[in-house]
Amino acid sequence: MRTTLLDLRKMKAAGRRIPMLTAYDYAAARIADRAGVPLLLVGDSLGMVMQGHETTLPVSLDDMVRHAAAVVRGSEKALVIADLPFLTYADTASAVAAARRLMQEAQVQAVKLEGGRHVVETVRHLVEHGVPVMAHLGFTPQSQHTLGLRVQAKQAECAKRLIEDALALEAAGAFALVLELVPAELAAEVTKRLRIPTIGIGAGAGCDGQVQVWHDLLGLFETSPRHAKRYAEIGAAMEAAIRAYAEDVDEGLFPTAAQSSKMDADELAKALA
Ligand code: KIV
């Protein structure tokens, strides 16, 4: 049984923190699901960490559907949320079409979209038609060229606007709100004012939950963003393992009898006769 929207409300009411992690493939989803992470986000950050782009903008809906379907197949318990990619929800009809593909073809349980008051009507429409929507405020990566990659809403006017947007998204039916690169004090205040859970990334400890990108958390690349904590050095571990494998092949140490299968000597003789 997967995590439900009701479970999330209950977690917030009970003061239980909510961990969320990105996942982009079957193997990652299996590992995170086994580790008990209740929310898996198939983020369009896959454009950067899986495809090597500089931003999330080149990610297509086809990309999202393919990766999201793999994550759904790899998980049993987590609620799987997929990002609606750049410009796939610029109008309500496009948003419905994109959400339809993610929910019917990939079978995710919810979608996430970025933005404040200008997406409120889209959120309302999707929710009224049975699409659970996670909202996303603060630094919204699809607007990177407009916003710049920096902490948002540090000035009073922008902070006020963010609080108003958060309340409007909640009123429109969003089931949770991601707050990215927002001052900790502001994120904590938004968290207090909302009934739905807030999930922070670079937004301090006062949010109801936290989200991290798989590669940052596990140390797959040489560096991670400042807001990330590296819980392992998997990139270095992979590199060492692959180097050892290549050396073993080079030196004739792999494969050994243990990794090989034998053929009956008579059968071999007959085959060679
Ligand atoms: O795409 C993504 O991974 C995200 C998270 C950083 C929240 O939107």
Side-chain angles (χ1 to χ4, degrees), residues 8 17-25 28-29 32 37-61 63-68 70-71 75 78-89 98-99 102 106 108 110-116 119 123 132-147 149-153 162 166 169 174-182 187 190-191 196-204 207-218 220-221 223-230:
L8 296 179
R17 303 284 162 112
I18 306 166
M20 173 158 111
L21 183 60
T22 68
Y24 313 101
D25 61 37
V37 174
L39 296 182
L40 287 179
L41 172 66
V42 188
D44 58 0
S45 51
L46 71 84
M48 283 125 92
V49 297
M50 300 294 285
Q51 299 176 335
H53 293 296
E54 287 199 350
T55 70
T56 60
L57 273 58
V59 175
S60 69
L61 187 55
D63 291 334
M64 290 305 302
V65 169
R66 205 171 304 117
H67 284 273
V71 170
S75 56
L79 180 87
V80 181
I81 304 145
D83 267 329
L84 293 181
F86 181 56
L87 289 184
T88 58
Y89 52 98
L102 285 163
V108 301
V111 300
K112 177 166 81 58
L113 53 76
E114 298 179 4
V119 296
V123 171
V133 178
M134 175 177 269
H136 186 157
L137 288 174
F139 174 69
T140 44
Q142 292 172 10
S143 305
Q144 179 166 341
H145 295 310
T146 318
L147 299 175
L149 177 45
R150 58 170 166 260
V151 177
Q152 303 292 311
L162 187 141
L169 288 161
F175 72 86
L177 171 66
V178 168
L179 291 171
E180 180 164 359
L181 297 188
V182 167
V190 173
T191 302
I196 59 172
T198 58
I199 311 285
I201 174 163
C207 294
D208 297 303
Q210 297 292 326
V211 56
Q212 284 290 298
V213 168
W214 180 269
H215 296 61
D216 299 339
L217 183 95
L218 294 171
L220 266 104
F221 297 132
T223 59
S224 297
R226 184 173 155 252
H227 60 69
K229 177 172 167 188
R230 293 167 76 95

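One-based numbering, in listed order, for ligands and for the atoms of each.
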Give a table of atom pairs where an N or O of ligand 1 lies under 3.5 Å from a protein N or O.
{"from": "ligand 1", "atom 1": "1 (O)", "to": "D44", "atom 2": "N", "distance (Å)": "3.2"}
{"from": "ligand 1", "atom 1": "1 (O)", "to": "D44", "atom 2": "OD1", "distance (Å)": "3.1"}
{"from": "ligand 1", "atom 1": "1 (O)", "to": "S45", "atom 2": "N", "distance (Å)": "3.0"}
{"from": "ligand 1", "atom 1": "1 (O)", "to": "S45", "atom 2": "OG", "distance (Å)": "3.3"}
{"from": "ligand 1", "atom 1": "1 (O)", "to": "D83", "atom 2": "OD2", "distance (Å)": "3.1"}
{"from": "ligand 1", "atom 1": "3 (O)", "to": "S45", "atom 2": "OG", "distance (Å)": "2.5"}
{"from": "ligand 1", "atom 1": "8 (O)", "to": "K112", "atom 2": "NZ", "distance (Å)": "2.9"}

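Residues satisfying the side-chain contact (heavy atoms from CB on, under 4.5 Å) test with R66, not counting sequence neighbours, are D62, D63. Looking at residues two or more places apart in sequence or on another chain, you find a side-chain contact (heavy atoms from CB on, under 4.5 Å) between L147 and F139, T140, S143, Q152. A search for side-chain contact (heavy atoms from CB on, under 4.5 Å) contacts involving T56 returns D44, M48, P141, Q142, not counting sequence neighbours.
The residue from L8, V211, L21 that alone fulfils the side chain to side chain contact (heavy atoms under 4.5 Å, CB included) condition with L39 is L8.
Below 30°, between 30° and 60°, or above 60°: for H215 and Y24 the angle between ring planes is between 30° and 60°, a tilted geometry.
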Original post:
Would M134 and M20 satisfy side chain to side chain contact (heavy atoms under 4.5 Å, CB included), going step by step from the backbone distance to the final call?
Top reply: CA-CA 12 Å; M134 175 177 269; M20 173 158 111; 3.8 Å; yes
